[in-house]
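Structure first, commentary second.
All ligand and atom numbering here is 1-based and tracks the order in the structure.
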Amino acid sequence: MREFDVAVVGAGAAGLSLTRCLDRMKPRRGGGVDGGVALIEAPPGPLRAPARTWCFWETGGGPWDGVLAARWDRLEVVGPGGDRVASPIAPLSYKMLRSTDFEAHVRAGLSDRVAQVGAAVEEIEDGPGRAVVRGRDASGEPVEIAARWVFDSRPLPALPPARTTLLQHFRGWFVRTAADAFDPGRALLMDLRPPQPPNGVAFGYVLPLSPREALVEYTEFTRAVLDDAGYDAALRDYTGRVLGLGAFEVTAAEQGAIPMTDGAFRTRAGRRVFRIGAAGGATRPSTGYTFSGIQRQAAAVAGALARGRTPVPPVPHRRRHLAMDAVLLRALDSGRIDGAGFFAGLFRRNGIPRVLAFLDGGSRLPGELAMGFTTPVAPMALTTAECAWRALRPM
Ligand SMILES: Cc1cc2nc3c(=O)[nH]c(=O)nc-3n(C[C@H](O)[C@H](O)[C@H](O)COP(=O)(O)OP(=O)(O)OC[C@H]3O[C@@H](n4cnc5c(N)ncnc54)[C@H](O)[C@@H]3O)c2cc1C
(Lines give C-alpha, C1' and ligand atoms only; values in the text may rest on other atoms or scores of the structure.)
Protein backbone atom coordinates (compact mmCIF):
# COMPACT_ATOMS: atom_id res chain seq x y z
CA MET A 1 0.00 0.00 0.00
CA ARG A 2 1.35 3.46 -0.95
CA GLU A 3 1.35 6.11 1.80
CA PHE A 4 0.93 9.89 1.45
CA ASP A 5 0.22 12.89 3.62
CA VAL A 6 -2.84 13.76 1.55
CA ALA A 7 -5.09 11.90 -0.89
CA VAL A 8 -7.41 13.97 -3.09
CA VAL A 9 -10.24 11.98 -4.64
CA GLY A 10 -11.52 13.37 -7.96
CA ALA A 11 -9.65 15.65 -10.36
CA GLY A 12 -12.45 18.08 -11.18
CA ALA A 13 -12.45 21.77 -10.29
CA ALA A 14 -12.09 21.13 -6.55
CA GLY A 15 -9.59 18.25 -6.63
CA LEU A 16 -7.29 20.00 -9.09
CA SER A 17 -7.52 23.36 -7.32
CA LEU A 18 -6.71 21.84 -3.94
CA THR A 19 -3.85 19.71 -5.30
CA ARG A 20 -2.29 22.77 -6.95
CA CYS A 21 -2.57 24.78 -3.71
CA LEU A 22 -0.97 21.95 -1.71
CA ASP A 23 1.83 21.53 -4.22
CA ARG A 24 2.64 25.25 -4.04
CA MET A 25 2.11 25.68 -0.29
CA LYS A 26 4.82 27.23 1.84
CA PRO A 27 4.88 25.19 5.07
CA ARG A 28 5.11 26.98 8.42
CA ARG A 29 6.51 25.37 11.58
CA GLY A 30 4.77 22.02 12.21
CA GLY A 31 2.87 22.01 8.91
CA GLY A 32 3.25 20.94 5.29
CA VAL A 33 2.71 17.88 3.14
CA ASP A 34 6.23 16.52 2.89
CA GLY A 35 4.84 13.00 2.66
CA GLY A 36 3.38 13.86 -0.75
CA VAL A 37 -0.05 14.11 -2.30
CA ALA A 38 -1.97 11.49 -4.32
CA LEU A 39 -4.48 12.87 -6.83
CA ILE A 40 -6.87 10.06 -7.70
CA GLU A 41 -9.17 10.40 -10.71
CA ALA A 42 -11.54 7.84 -12.19
CA PRO A 43 -10.31 6.27 -15.46
CA PRO A 44 -12.23 7.33 -18.61
CA GLY A 45 -15.77 5.96 -18.33
CA PRO A 46 -19.12 6.67 -16.72
CA LEU A 47 -17.73 7.99 -13.41
CA ARG A 48 -15.74 10.75 -15.13
CA ALA A 49 -17.34 14.19 -15.08
CA PRO A 50 -18.06 15.37 -18.67
CA ALA A 51 -16.09 18.37 -20.00
CA ARG A 52 -17.67 21.73 -19.21
CA THR A 53 -16.96 25.44 -19.08
CA TRP A 54 -16.65 27.36 -15.83
CA CYS A 55 -17.46 31.05 -15.62
CA PHE A 56 -16.58 33.22 -12.66
CA TRP A 57 -15.64 36.80 -11.95
CA GLU A 58 -12.76 38.31 -10.04
CA THR A 59 -10.97 41.60 -9.60
CA GLY A 60 -8.16 42.14 -12.08
CA GLY A 61 -5.75 39.35 -12.95
CA GLY A 62 -5.97 35.84 -11.55
CA PRO A 63 -4.16 32.50 -11.53
CA TRP A 64 -6.07 31.10 -14.55
CA ASP A 65 -5.64 34.08 -16.89
CA GLY A 66 -3.14 32.18 -19.06
CA VAL A 67 -5.68 29.48 -19.94
CA LEU A 68 -8.95 31.42 -20.20
CA ALA A 69 -11.20 30.72 -23.18
CA ALA A 70 -12.52 34.30 -22.98
CA ARG A 71 -13.02 37.26 -20.66
CA TRP A 72 -15.43 40.19 -20.73
CA ASP A 73 -15.24 43.55 -19.00
CA ARG A 74 -18.82 44.57 -19.96
CA LEU A 75 -21.98 42.67 -19.07
CA GLU A 76 -25.60 43.08 -20.01
CA VAL A 77 -28.90 42.01 -18.43
CA VAL A 78 -32.16 42.09 -20.40
CA GLY A 79 -35.50 42.23 -18.59
CA PRO A 80 -38.65 40.30 -19.56
CA GLY A 81 -39.97 43.28 -21.54
CA GLY A 82 -36.67 43.85 -23.38
CA ASP A 83 -35.35 46.65 -21.10
CA ARG A 84 -31.54 46.52 -21.00
CA VAL A 85 -28.92 47.22 -18.35
CA ALA A 86 -25.41 47.19 -19.82
CA SER A 87 -22.31 48.38 -18.03
CA PRO A 88 -18.61 47.97 -17.54
CA ILE A 89 -17.95 45.84 -14.47
CA ALA A 90 -14.49 47.19 -13.59
CA PRO A 91 -12.62 46.40 -11.43
CA LEU A 92 -14.19 42.97 -12.02
CA SER A 93 -13.79 40.79 -15.12
CA TYR A 94 -16.10 37.95 -16.09
CA LYS A 95 -14.00 34.95 -17.19
CA MET A 96 -14.59 31.64 -18.96
CA LEU A 97 -12.41 28.59 -18.52
CA ARG A 98 -12.77 25.23 -20.26
CA SER A 99 -12.43 22.30 -17.86
CA THR A 100 -10.13 20.48 -20.33
CA ASP A 101 -7.71 23.44 -20.52
CA PHE A 102 -7.82 23.86 -16.75
CA GLU A 103 -7.03 20.20 -16.14
CA ALA A 104 -4.17 20.12 -18.66
CA HIS A 105 -2.71 23.33 -17.20
CA VAL A 106 -2.88 22.18 -13.56
CA ARG A 107 -1.58 18.68 -14.26
CA ALA A 108 1.34 19.99 -16.35
CA GLY A 109 2.37 22.31 -13.51
CA LEU A 110 2.39 19.73 -10.71
CA SER A 111 5.72 18.74 -9.18
CA ASP A 112 6.85 15.19 -8.51
CA ARG A 113 5.54 15.55 -4.95
CA VAL A 114 2.15 14.73 -6.48
CA ALA A 115 1.39 11.17 -7.63
CA GLN A 116 -1.33 11.24 -10.32
CA VAL A 117 -3.27 8.01 -9.96
CA GLY A 118 -6.02 6.63 -12.24
CA ALA A 119 -8.50 4.65 -10.14
CA ALA A 120 -12.23 4.45 -9.57
CA VAL A 121 -12.55 4.89 -5.83
CA GLU A 122 -14.98 2.45 -4.25
CA GLU A 123 -14.39 2.92 -0.53
CA ILE A 124 -12.70 5.24 1.95
CA GLU A 125 -12.00 3.71 5.35
CA ASP A 126 -11.57 6.27 8.09
CA GLY A 127 -9.18 5.66 10.99
CA PRO A 128 -7.64 7.44 13.98
CA GLY A 129 -4.24 8.13 12.40
CA ARG A 130 -4.89 7.68 8.68
CA ALA A 131 -7.57 6.77 6.16
CA VAL A 132 -7.34 4.17 3.42
CA VAL A 133 -8.72 4.80 -0.08
CA ARG A 134 -9.57 1.67 -2.05
CA GLY A 135 -10.48 1.42 -5.72
CA ARG A 136 -9.63 -0.16 -9.05
CA ASP A 137 -7.47 1.04 -11.91
CA ALA A 138 -8.44 0.97 -15.60
CA SER A 139 -7.55 -2.72 -15.91
CA GLY A 140 -9.56 -3.65 -12.82
CA GLU A 141 -6.56 -4.14 -10.54
CA PRO A 142 -7.08 -3.09 -6.90
CA VAL A 143 -5.49 0.19 -5.77
CA GLU A 144 -4.95 1.03 -2.08
CA ILE A 145 -3.67 4.37 -0.86
CA ALA A 146 -3.23 5.39 2.77
CA ALA A 147 -3.12 9.06 3.74
CA ARG A 148 -3.16 11.20 6.88
CA TRP A 149 -5.90 13.33 5.31
CA VAL A 150 -8.36 12.46 2.53
CA PHE A 151 -10.34 15.11 0.59
CA ASP A 152 -13.21 13.58 -1.34
CA SER A 153 -14.81 15.55 -4.21
CA ARG A 154 -16.95 12.74 -5.64
CA PRO A 155 -20.60 13.77 -6.10
CA LEU A 156 -22.72 13.12 -3.00
CA PRO A 157 -25.02 10.08 -3.23
CA ALA A 158 -27.83 12.30 -1.88
CA LEU A 159 -28.23 16.00 -1.11
CA PRO A 160 -28.47 17.07 2.54
CA PRO A 161 -32.00 17.42 3.96
CA ALA A 162 -33.37 20.83 3.03
CA ARG A 163 -36.45 23.00 3.29
CA THR A 164 -36.15 24.18 -0.32
CA THR A 165 -34.21 22.58 -3.17
CA LEU A 166 -34.33 23.86 -6.73
CA LEU A 167 -32.12 22.95 -9.65
CA GLN A 168 -30.20 25.30 -11.86
CA HIS A 169 -30.58 23.20 -14.99
CA PHE A 170 -29.48 24.17 -18.45
CA ARG A 171 -28.38 23.19 -21.91
CA GLY A 172 -25.96 25.31 -23.92
CA TRP A 173 -25.07 25.28 -27.60
CA PHE A 174 -21.75 26.48 -28.95
CA VAL A 175 -23.03 28.11 -32.14
CA ARG A 176 -21.36 29.38 -35.29
CA THR A 177 -23.52 31.84 -37.23
CA ALA A 178 -23.47 32.49 -40.99
CA ALA A 179 -23.20 36.27 -40.48
CA ASP A 180 -21.79 38.47 -37.70
CA ALA A 181 -24.20 38.26 -34.74
CA PHE A 182 -22.23 38.87 -31.53
CA ASP A 183 -20.24 41.60 -29.84
CA PRO A 184 -17.22 39.78 -28.30
CA GLY A 185 -16.64 42.73 -25.97
CA ARG A 186 -19.85 42.13 -24.02
CA ALA A 187 -21.45 39.05 -22.47
CA LEU A 188 -25.20 38.71 -21.92
CA LEU A 189 -25.36 37.47 -18.33
CA MET A 190 -29.12 37.09 -17.96
CA ASP A 191 -31.77 37.50 -20.64
CA LEU A 192 -35.17 37.15 -19.05
CA ARG A 193 -37.24 37.29 -22.26
CA PRO A 194 -37.92 33.50 -22.60
CA PRO A 195 -41.39 32.30 -21.49
CA GLN A 196 -41.43 31.98 -17.69
CA PRO A 197 -42.36 28.89 -15.64
CA PRO A 198 -45.15 29.36 -13.02
CA ASN A 199 -42.63 29.08 -10.13
CA GLY A 200 -38.94 29.87 -10.48
CA VAL A 201 -37.30 31.64 -13.39
CA ALA A 202 -36.03 30.94 -16.92
CA PHE A 203 -33.40 32.91 -18.80
CA GLY A 204 -30.98 32.84 -21.71
CA TYR A 205 -27.26 33.51 -21.54
CA VAL A 206 -24.91 34.52 -24.38
CA LEU A 207 -21.13 34.33 -24.08
CA PRO A 208 -19.61 35.55 -27.36
CA LEU A 209 -16.24 34.13 -28.39
CA SER A 210 -16.03 35.99 -31.73
CA PRO A 211 -18.46 37.95 -33.93
CA ARG A 212 -19.80 34.62 -35.23
CA GLU A 213 -19.24 32.23 -32.30
CA ALA A 214 -20.85 32.07 -28.89
CA LEU A 215 -22.01 29.78 -26.12
CA VAL A 216 -25.79 30.30 -25.93
CA GLU A 217 -27.55 28.70 -22.97
CA TYR A 218 -31.12 28.21 -21.81
CA THR A 219 -31.37 27.95 -18.01
CA GLU A 220 -34.11 27.44 -15.46
CA PHE A 221 -34.15 27.67 -11.67
CA THR A 222 -37.02 25.22 -11.09
CA ARG A 223 -37.67 21.92 -9.35
CA ALA A 224 -37.22 19.48 -12.23
CA VAL A 225 -35.06 19.12 -15.32
CA LEU A 226 -36.54 19.14 -18.86
CA ASP A 227 -36.22 16.30 -21.33
CA ASP A 228 -34.03 16.59 -24.45
CA ALA A 229 -36.93 17.84 -26.56
CA GLY A 230 -37.75 20.48 -23.92
CA TYR A 231 -34.23 21.96 -23.86
CA ASP A 232 -33.95 21.88 -27.66
CA ALA A 233 -37.31 23.59 -28.09
CA ALA A 234 -36.35 26.26 -25.54
CA LEU A 235 -32.99 26.85 -27.26
CA ARG A 236 -34.60 27.01 -30.72
CA ASP A 237 -37.08 29.57 -29.42
CA TYR A 238 -34.33 31.59 -27.71
CA THR A 239 -31.85 31.59 -30.61
CA GLY A 240 -34.60 32.18 -33.21
CA ARG A 241 -37.55 34.24 -31.88
CA VAL A 242 -35.66 36.06 -29.11
CA LEU A 243 -32.11 36.56 -30.45
CA GLY A 244 -32.90 36.34 -34.19
CA LEU A 245 -29.58 34.65 -34.91
CA GLY A 246 -30.50 33.54 -38.44
CA ALA A 247 -28.64 30.55 -39.87
CA PHE A 248 -26.17 28.85 -37.51
CA GLU A 249 -24.59 25.49 -36.81
CA VAL A 250 -24.21 23.90 -33.38
CA THR A 251 -20.55 22.90 -32.97
CA ALA A 252 -20.81 21.47 -29.42
CA ALA A 253 -23.24 21.32 -26.50
CA GLU A 254 -23.06 21.23 -22.71
CA GLN A 255 -25.70 20.46 -20.17
CA GLY A 256 -25.97 20.30 -16.41
CA ALA A 257 -28.13 20.44 -13.32
CA ILE A 258 -26.67 22.15 -10.26
CA PRO A 259 -28.57 21.77 -6.99
CA MET A 260 -29.58 25.07 -5.34
CA THR A 261 -30.44 24.10 -1.80
CA ASP A 262 -30.79 25.54 1.68
CA GLY A 263 -29.64 22.20 3.14
CA ALA A 264 -26.53 22.34 5.35
CA PHE A 265 -23.45 20.68 3.87
CA ARG A 266 -21.11 18.92 6.31
CA THR A 267 -17.54 18.95 5.11
CA ARG A 268 -16.25 16.64 7.81
CA ALA A 269 -16.97 13.03 6.86
CA GLY A 270 -14.73 11.35 9.45
CA ARG A 271 -11.65 11.84 11.60
CA ARG A 272 -9.40 11.90 8.56
CA VAL A 273 -11.88 12.32 5.71
CA PHE A 274 -13.41 15.57 4.39
CA ARG A 275 -15.62 16.63 1.52
CA ILE A 276 -14.69 19.43 -0.88
CA GLY A 277 -16.13 21.15 -3.93
CA ALA A 278 -19.80 20.90 -4.86
CA ALA A 279 -20.03 17.96 -2.43
CA GLY A 280 -18.53 20.20 0.26
CA GLY A 281 -21.03 23.06 -0.03
CA ALA A 282 -19.01 25.22 -2.44
CA THR A 283 -22.04 26.02 -4.62
CA ARG A 284 -23.66 29.40 -3.89
CA PRO A 285 -27.31 28.37 -3.44
CA SER A 286 -28.87 31.39 -5.15
CA THR A 287 -26.82 31.17 -8.33
CA GLY A 288 -25.26 27.73 -8.80
CA TYR A 289 -21.85 29.37 -9.25
CA THR A 290 -19.28 27.15 -7.54
CA PHE A 291 -15.86 27.81 -9.05
CA SER A 292 -14.96 30.83 -6.90
CA GLY A 293 -16.12 29.10 -3.72
CA ILE A 294 -13.91 26.14 -4.63
CA GLN A 295 -10.88 28.46 -4.88
CA ARG A 296 -11.57 29.97 -1.43
CA GLN A 297 -12.12 26.53 0.09
CA ALA A 298 -8.90 25.11 -1.43
CA ALA A 299 -6.86 28.07 -0.14
CA ALA A 300 -8.31 27.63 3.36
CA VAL A 301 -7.49 23.90 3.45
CA ALA A 302 -3.93 24.50 2.23
CA GLY A 303 -3.55 27.28 4.81
CA ALA A 304 -4.62 24.96 7.63
CA LEU A 305 -2.25 22.19 6.50
CA ALA A 306 0.62 24.65 6.14
CA ARG A 307 0.12 25.57 9.81
CA GLY A 308 -0.22 21.96 10.94
CA ARG A 309 -3.90 22.37 11.87
CA THR A 310 -6.80 19.99 11.28
CA PRO A 311 -7.79 20.94 7.73
CA VAL A 312 -11.60 21.00 7.97
CA PRO A 313 -12.75 22.64 4.71
CA PRO A 314 -14.97 25.67 5.36
CA VAL A 315 -18.25 26.03 3.48
CA PRO A 316 -17.00 29.07 1.53
CA HIS A 317 -20.06 31.31 1.97
CA ARG A 318 -21.03 33.60 4.85
CA ARG A 319 -23.90 32.42 7.03
CA ARG A 320 -25.96 35.51 6.39
CA HIS A 321 -25.57 35.04 2.63
CA LEU A 322 -26.77 31.44 2.96
CA ALA A 323 -29.75 32.70 4.98
CA MET A 324 -30.55 35.33 2.33
CA ASP A 325 -30.24 32.70 -0.40
CA ALA A 326 -32.65 30.43 1.52
CA VAL A 327 -35.23 33.24 1.47
CA LEU A 328 -34.77 33.80 -2.27
CA LEU A 329 -35.06 30.07 -3.06
CA ARG A 330 -38.24 29.87 -1.00
CA ALA A 331 -39.71 33.00 -2.60
CA LEU A 332 -39.01 31.60 -6.08
CA ASP A 333 -40.26 28.10 -5.29
CA SER A 334 -43.46 29.32 -3.63
CA GLY A 335 -44.26 31.57 -6.58
CA ARG A 336 -44.52 34.49 -4.15
CA ILE A 337 -42.24 36.57 -6.38
CA ASP A 338 -42.12 36.86 -10.15
CA GLY A 339 -38.59 35.51 -10.77
CA ALA A 340 -37.95 37.37 -14.04
CA GLY A 341 -39.16 40.69 -12.62
CA PHE A 342 -37.14 40.12 -9.45
CA PHE A 343 -33.79 39.58 -11.19
CA ALA A 344 -34.36 42.31 -13.79
CA GLY A 345 -35.23 44.80 -11.02
CA LEU A 346 -32.28 43.73 -8.87
CA PHE A 347 -29.77 44.45 -11.65
CA ARG A 348 -31.55 47.62 -12.84
CA ARG A 349 -31.80 49.22 -9.40
CA ASN A 350 -28.38 48.21 -8.05
CA GLY A 351 -26.18 47.98 -11.14
CA ILE A 352 -24.43 44.82 -12.32
CA PRO A 353 -21.12 45.24 -10.39
CA ARG A 354 -22.85 45.59 -7.00
CA VAL A 355 -24.99 42.51 -7.58
CA LEU A 356 -21.93 40.51 -8.68
CA ALA A 357 -20.03 41.60 -5.56
CA PHE A 358 -22.93 40.41 -3.41
CA LEU A 359 -23.19 37.08 -5.26
CA ASP A 360 -19.51 36.37 -4.68
CA GLY A 361 -19.58 37.20 -0.98
CA GLY A 362 -17.71 40.50 -1.37
CA SER A 363 -20.47 42.84 -0.12
CA ARG A 364 -21.05 44.40 3.32
CA LEU A 365 -24.16 44.22 5.46
CA PRO A 366 -25.35 47.86 5.05
CA GLY A 367 -25.14 47.56 1.25
CA GLU A 368 -26.93 44.21 1.38
CA LEU A 369 -29.77 45.69 3.44
CA ALA A 370 -30.08 48.56 0.99
CA MET A 371 -30.16 46.02 -1.84
CA GLY A 372 -32.88 44.12 0.03
CA PHE A 373 -35.09 47.23 -0.10
CA THR A 374 -34.81 47.29 -3.90
CA THR A 375 -36.56 43.88 -4.07
CA PRO A 376 -40.35 43.36 -3.67
CA VAL A 377 -40.42 44.14 0.04
CA ALA A 378 -43.74 42.62 1.12
CA PRO A 379 -43.32 39.13 -0.40
CA MET A 380 -39.65 38.99 0.63
CA ALA A 381 -40.49 40.05 4.23
CA LEU A 382 -43.24 37.44 4.38
CA THR A 383 -40.86 34.78 3.07
CA THR A 384 -38.16 35.84 5.55
CA ALA A 385 -40.69 35.38 8.38
CA GLU A 386 -41.70 32.00 6.96
CA CYS A 387 -38.05 30.86 6.73
CA ALA A 388 -37.37 32.02 10.31
CA TRP A 389 -40.44 30.14 11.55
CA ARG A 390 -39.55 26.99 9.62
CA ALA A 391 -35.96 27.14 10.94
CA LEU A 392 -37.33 26.84 14.49
CA ARG A 393 -39.17 23.62 13.68
CA PRO A 394 -37.58 20.21 13.02
CA MET A 395 -37.32 19.29 9.36
C1 LIG B 1 -22.13 21.68 -17.26
C2 LIG B 1 -21.80 22.46 -16.01
C3 LIG B 1 -21.38 23.78 -16.12
C4 LIG B 1 -21.07 24.51 -14.97
N5 LIG B 1 -20.68 25.80 -15.11
C6 LIG B 1 -20.33 26.50 -14.01
C7 LIG B 1 -19.87 27.84 -14.16
O8 LIG B 1 -19.88 28.40 -15.25
N9 LIG B 1 -19.44 28.49 -13.03
C10 LIG B 1 -19.44 27.91 -11.82
O11 LIG B 1 -19.01 28.53 -10.84
N12 LIG B 1 -19.91 26.65 -11.65
C13 LIG B 1 -20.34 25.93 -12.71
N14 LIG B 1 -20.78 24.66 -12.56
C15 LIG B 1 -20.90 24.11 -11.19
C16 LIG B 1 -19.55 23.58 -10.64
O17 LIG B 1 -18.56 24.55 -10.75
C18 LIG B 1 -19.09 22.35 -11.35
O19 LIG B 1 -20.03 21.32 -11.18
C20 LIG B 1 -17.71 21.89 -10.89
O21 LIG B 1 -17.26 20.96 -11.83
C22 LIG B 1 -17.73 21.30 -9.48
O23 LIG B 1 -16.42 20.88 -9.16
P24 LIG B 1 -16.14 19.63 -8.26
O25 LIG B 1 -14.70 19.37 -8.27
O26 LIG B 1 -16.85 19.78 -6.97
O27 LIG B 1 -16.88 18.43 -9.01
P28 LIG B 1 -16.45 17.81 -10.39
O29 LIG B 1 -15.81 18.82 -11.26
O30 LIG B 1 -17.66 17.09 -10.90
O31 LIG B 1 -15.32 16.76 -9.98
C32 LIG B 1 -15.57 15.53 -9.38
C33 LIG B 1 -14.49 14.59 -9.89
O34 LIG B 1 -14.61 13.33 -9.23
C35 LIG B 1 -14.35 12.32 -10.20
N36 LIG B 1 -14.95 11.09 -9.72
C37 LIG B 1 -16.26 10.81 -9.62
N38 LIG B 1 -16.43 9.57 -9.09
C39 LIG B 1 -15.18 9.08 -8.85
C40 LIG B 1 -14.69 7.87 -8.29
N41 LIG B 1 -15.51 6.90 -7.88
N42 LIG B 1 -13.35 7.70 -8.20
C43 LIG B 1 -12.50 8.67 -8.59
N44 LIG B 1 -12.91 9.86 -9.11
C45 LIG B 1 -14.24 10.04 -9.24
C46 LIG B 1 -14.95 12.86 -11.47
O47 LIG B 1 -14.38 12.27 -12.64
C48 LIG B 1 -14.60 14.35 -11.39
O49 LIG B 1 -13.39 14.65 -11.99
C50 LIG B 1 -21.15 23.90 -13.68
C51 LIG B 1 -21.60 22.59 -13.59
C52 LIG B 1 -21.92 21.87 -14.72
C53 LIG B 1 -22.43 20.46 -14.57
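A distance of 6.0 Å or more separates the ring centres of Phe203 and Tyr218. Two rings, from Phe291 and Phe102, have their centers less than 6.0 Å apart.
Residue Arg241 places its CZ atom among more than 12 non-hydrogen atoms of other residues, nucleotides or ligands, all under 6.0 Å distant. For CZ of Arg319, the number of neighbouring non-hydrogen atoms (other residues, nucleotides, ligands) closer than 6.0 Å is 12 at most.
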Contact table, ligand 1 N/O with protein N/O, distance under 3.5 Å:
residue	atom	partner	partner atom	Å
ligand 1	5 (N)	Thr53	O	3.1
ligand 1	8 (O)	Cys55	N	2.7
ligand 1	9 (N)	Cys55	N	3.4
ligand 1	9 (N)	Cys55	O	2.9
ligand 1	11 (O)	Thr290	N	2.6
ligand 1	11 (O)	Phe291	N	2.8
ligand 1	12 (N)	Thr290	N	3.4
ligand 1	19 (O)	Arg52	NH1	3.1
ligand 1	21 (O)	Arg52	NH1	3.0
ligand 1	21 (O)	Trp54	NE1	3.2
ligand 1	25 (O)	Ala13	N	3.2
ligand 1	25 (O)	Ala14	N	2.8
ligand 1	26 (O)	Ala278	N	2.8
ligand 1	29 (O)	Ala13	N	3.4
ligand 1	41 (N)	Val121	O	3.0
ligand 1	42 (N)	Val121	N	2.9
ligand 1	44 (N)	Ala42	N	3.2
ligand 1	47 (O)	Glu41	OE1	3.2
ligand 1	47 (O)	Glu41	OE2	2.9
ligand 1	47 (O)	Ala49	N	3.1
ligand 1	49 (O)	Gly12	N	3.3
ligand 1	49 (O)	Glu41	OE1	3.1
ligand 1	49 (O)	Glu41	OE2	2.9

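In this structure, Asp262 contributes its side chain and Arg163 its backbone to a donor-acceptor pair below 3.5 Å.
Judged by the 6.0 Å and 45° rule, Arg284 forms a cation-pi pair with Phe358.
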